[in-house]
Amino acid sequence: MARCWLVKSEPDCYSFDQLVADGRTAWEGVRNYQARNYMRDDMRVGDVVLYYHSSTAVPAVVGLAKVASEAYPDATQFDPANEYYDPKATAAAPRWYLVDLEPVRPLARPVTLAELRADPRLARMQLLARGNRLSVMPVDPEHVKRVEELAAA
DNA sequence: GCCAACGTTGGC
DNA sequence: GCCAACGTTGGC
């Protein structure tokens with residue numbers, strides 16, 4: 001069974017609709033080691049990804065995506081003009097890795113953070129853990145299934 | 001805009 | 001290796 005994941009994105013920055021429009025995107029700009037490690041070490045092509053909109057009026061899971069590539073160095077770390085430039089990274093020793101994502105489909109309707117919190121079956125979801133700030137994290141497949149159920153309800 | 005939580009940095 | 005200071009995240 002493939003592993004499942006959740007990625008956060010601010011919709012004003014890069015929304016799920018934008019991913020659908022683009023058809024595929026490099027998940028650039030992640031600058032947290034744990035999130036990097038998940039992408040670099042644990043993600044596999046075809047893994048299911050919940051797409052979550054954060055820092056917005058109604059935070060919610062809005063769509064399903066999938067991992068579309070193995071991990072490779074994030075090119076933005078090498079570009080001094082890019083906001084994600086990292087002067088300590090070199091081509092010989094990249095610091096940041098990413099994967100490509102492809103959209104699968106939007107949820108029938110967004111499942112809000114408040115709904116997730118209200119569902120006892122999702123109580124152990126890592127997204128809901130106190131103080132969680134990771135932008136890339138694993139999700140239990142049962143929790144993915146439950147989110148899809150809520151979206152269809 | 002506020003604030004709690006957390007990660008990173010850098011002095012020692 | 002400790003830890004205070006600082007910056008960022010993200011809900012509200």
Side-chain angles (χ1 to χ4, degrees), chain A residues 3-22 25-43 47-67 71-101 103-104 106-151 153:
Chain A
R3 300 188 68 172
C4 299
W5 306 95
L6 181 144
V7 300
K8 294 179 185 174
S9 183
E10 300 186 19
D12 290 345
C13 180
Y14 193 86
S15 67
F16 186 75
D17 285 348
Q18 188 63 51
L19 178 62
V20 171
D22 291 346
T25 199
W27 202 244
E28 64 189 25
V30 172
R31 294 295 181 266
N32 170 283
Y33 288 105
Q34 195 173 350
R36 178 205 66 183
N37 291 349
Y38 285 137
M39 288 197 289
R40 188 190 60 185
D41 303 334
D42 297 325
M43 282 190 174
D47 283 358
V48 170
V49 178
L50 293 179
Y51 200 100
Y52 177 83
H53 281 171
S54 65
S55 293
T56 187
V58 184
V61 178
V62 296
L64 293 177
K66 65 183 176 183
V67 176
Y72 61 96
D74 181 342
T76 64
Q77 71 191 302
F78 306 126
D79 177 6
N82 192 282
E83 64 176 311
Y84 300 120
Y85 175 60
D86 183 343
K88 294 180 181 172
T90 65
R95 199 182 254 213
W96 307 109
Y97 286 75
L98 53 68
V99 297
D100 288 351
L101 296 182
V104 175
L107 293 183
R109 62 174 188 86
V111 179
T112 68
L113 178 60
E115 288 177 89
L116 299 175
R117 287 201 187 284
D119 191 319
R121 292 170 61 178
L122 297 175
R124 302 182 66 167
M125 207 176 171
Q126 188 171 332
L127 176 71
L128 308 179
R130 181 170 152 278
N132 170 69
R133 282 172 30 186
L134 271 183
S135 63
V136 176
M137 72 188 83
V139 180
D140 187 306
E142 290 182 12
H143 292 162
V144 174
K145 187 178 169 192
R146 182 59 179 158
V147 170
E148 292 187 78
E149 286 174 4
L150 292 173

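Chain naming here is simple, since letters A, B, ... match the order of the sequence lines and numbering starts at 1 in each. When reading the values below, keep in mind they use all heavy atoms of this one structure, side chains included, and skip hydrogens, waters and symmetry mates.
If you measure from atom CZ of A:Arg95 to atom P of B:dT8, you get 10 Å, rounded to the nearest angstrom. Taking atom CE of A:Met137 as the reference point, atom P of B:dG7 lies 12 Å away to the nearest angstrom. Note: CG (A:Asp12) to P (C:dG11) measures 13 Å, nearest angstrom. One interatomic measurement links the two molecules: CG of A:Asn132 to P of B:dA5, which rounds to 13 Å at whole-angstrom precision. We find that CZ of A:Arg133 is positioned 4 Å from C1' of B:dC6, with the value rounded to whole Å. Look at CG on A:Leu127: it is 10 Å from P on C:dG10, rounded to the nearest Å. Across the protein-nucleic acid pair, A:Tyr33 atom OH and C:dT9 atom C1' stand 17 Å apart, rounded to whole Å. Taking atom CD on A:Glu10 and atom C1' on C:dT9, their separation rounds to 8 Å, with Å as the unit.
For the ring pair (Phe, Tyr, Trp, His ring centres under 6.0 Å) with A:Trp96, the lone residue among A:Phe78, A:Trp27, A:Tyr33, A:Tyr85 that qualifies is A:Tyr33. Between A:Lys8 and the choices A:Leu50, A:Val61, A:Leu127, the side-chain contact (heavy atoms from CB on, under 4.5 Å) rule is met once, by A:Leu127.
Defined by atom type and a distance below 3.5 Å, a donor-acceptor pair is present between the side-chain atoms of A:Thr76 and A:Asp74. Using a 3.5 Å distance cut-off with no hydrogens or angles, the side chains of A:Tyr72 and A:Asp100 do pair a donor with an acceptor.
Closest to the side chain of A:Arg130, out of B:dA5, C:dC12, C:dG10, is B:dA5. Comparing atom distances between the A:Lys88 side chain and each of B:dG10, B:dC6, C:dG10 picks out B:dG10 as nearest.
Using a 4.0 Å cut-off, some side-chain N or O of A:Tyr52 falls inside it from OP1 or OP2 of C:dG11. Contact annotation: A:Lys8 does not reach the phosphate of C:dT9 (side-chain N/O to OP1 or OP2, under 4.0 Å).
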